[in-house]
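None of these values were measured; they are calculated from a predicted model.
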Amino acid sequence: LSMSLGAFTLRSAVRVNSALLASRVSPRINVPLRAATTLNDGANKTHDHSPHFKFERYFAAGMMPLIPAAYFVHGPVMDAALTIALTLHIHWGIQGVIADYARPFVIGDAAAKAARASAYLITALLLAGLLHFNTNDVGITKAFEMVFSL
């Protein structure tokens with residue numbers, strides 16, 4: 001038994017030694033790993049967007065009392081405040097979706113530019129439509145009251 005145990009450890013040592021020699025002799029494949037910050041994903045990495053993100057969160061939190069207040073307070077001032085708040089909130093949401101899913105390396109440069117331009121087009125149409133509804137019809141707050149009275 002001691003003879004086979006000695007032979008086993010000797011074989012193990014020879015295998016380890018030959019594996020070490022083979023690893024020294026065999027060519028190594030050096031593949032440089034790219035850091036996530038060097039990936040060119042179309043986003044501008046030189047700007048810090050955290051203040052804008054914080055402002056969006058505070059703005060969204062500030063909108064929370066505006067929605068119930070719009071149910072009780074009617075008039076052109078409340079309609080204008082609600083129109084501007086909703087338009088900004090929706091615009092920032094659309095921009096976030098486009099920034100996440102319409103990157104140039106995913107859909108191409110032309111489609112990414114078209115997606116970014118469409119965000120502004122949608123925002124402009126939304127703002128124009130809401131302002132038209134406020135001035136030429138009953139307004140957003142009165143429309144909400146009419147819908148909830150059904």
What distance do Glu145 atom CD and His74 atom NE2 have between them, rounded to the nearest 0.5 Å? 3.5 Å
Just by modelled atom types, is the His132 backbone N or O under 3.5 Å from a matching donor or acceptor in the Asp137 side chain? no
Please determine whether residues Met63 and Leu127 belong to a single hydrophobic cluster, defined as Ile, Leu, Val, Met, Phe, Trp and Tyr linked transitively by side-chain heavy-atom distances below 4.5 Å. no
Roughly how far apart are Ile94 CD1 and His89 NE2, rounded to 0.5 Å? 10.5 Å
Which atom pair, heavy atoms only, marks the closest approach of Ala119 to Thr123? O-OG1, 2.8 Å
Do you know the tightest heavy-atom contact between Ser118 and Ala115? OG-O, 2.6 Å
Does one hydrophobic cluster hold both Leu125 and Val97, with members joined at side-chain heavy-atom distances below 4.5 Å? no
Can you hop from Leu86 to Ile122 via hydrophobic side chains spaced under 4.5 Å? yes
Heavy atoms only: give me the nearest Ala70-Met78 pair and the separation to one decimal. CA-CG, 3.9 Å
Parallel, tilted or perpendicular: which describes the rings of Trp92 and Phe55, with under 30° parallel and over 60° perpendicular? perpendicular
Under a 4.5 Å cut-off applied to non-hydrogen side-chain atoms, are Leu82 and Ile67 in contact? yes
Could you tell me the separation between the NE2 atom of His91 and the OG1 atom of Thr87, rounded to the nearest 0.5 Å? 10.5 Å
Give the cluster check for Tyr101 versus Phe105: same hydrophobic cluster or not, with ILVMFWY residues linked at side-chain heavy-atom distances below 4.5 Å. no
For the residue pair Gly75 and Thr141, what are the closest heavy atoms and their distance? N-OG1, 3.9 Å
Answer yes or no: does atom CZ of Phe59 have more than 12 heavy-atom neighbours from other residues, nucleotides or ligands under 6.0 Å? yes
To the closest 0.5 Å, what do you measure between CG (Asp79) and NZ (Lys142)? 11.0 Å
Output the distance between atom CG (Asp100) and atom CD (Gln95), rounded to the nearest 0.5 Å. 11.5 Å
Are any side-chain N or O atoms of Asn134 and backbone N or O atoms of Ile140, one a donor and one an acceptor, separated by less than 3.5 Å? yes
Would a hydrophobic clustering, with Ile, Leu, Val, Met, Phe, Trp and Tyr connected at side-chain separations under 4.5 Å, put Leu66 with Ile90? yes
Looking only at heavy atoms, which two atoms of Ala143 and Val138 are closest? And how far apart? N-CG2, 3.9 Å
Could you grab the distance from atom CG of Leu131 to atom CD1 of Ile84, nearest 0.5 Å is fine? 7.5 Å
Ring centres under 6.0 Å, that's the criterion: do Phe144 and Tyr71 meet it? no
Is there a donor-acceptor pair closer than 3.5 Å between any side-chain N or O of Ser149 and the backbone N or O of Met146? yes
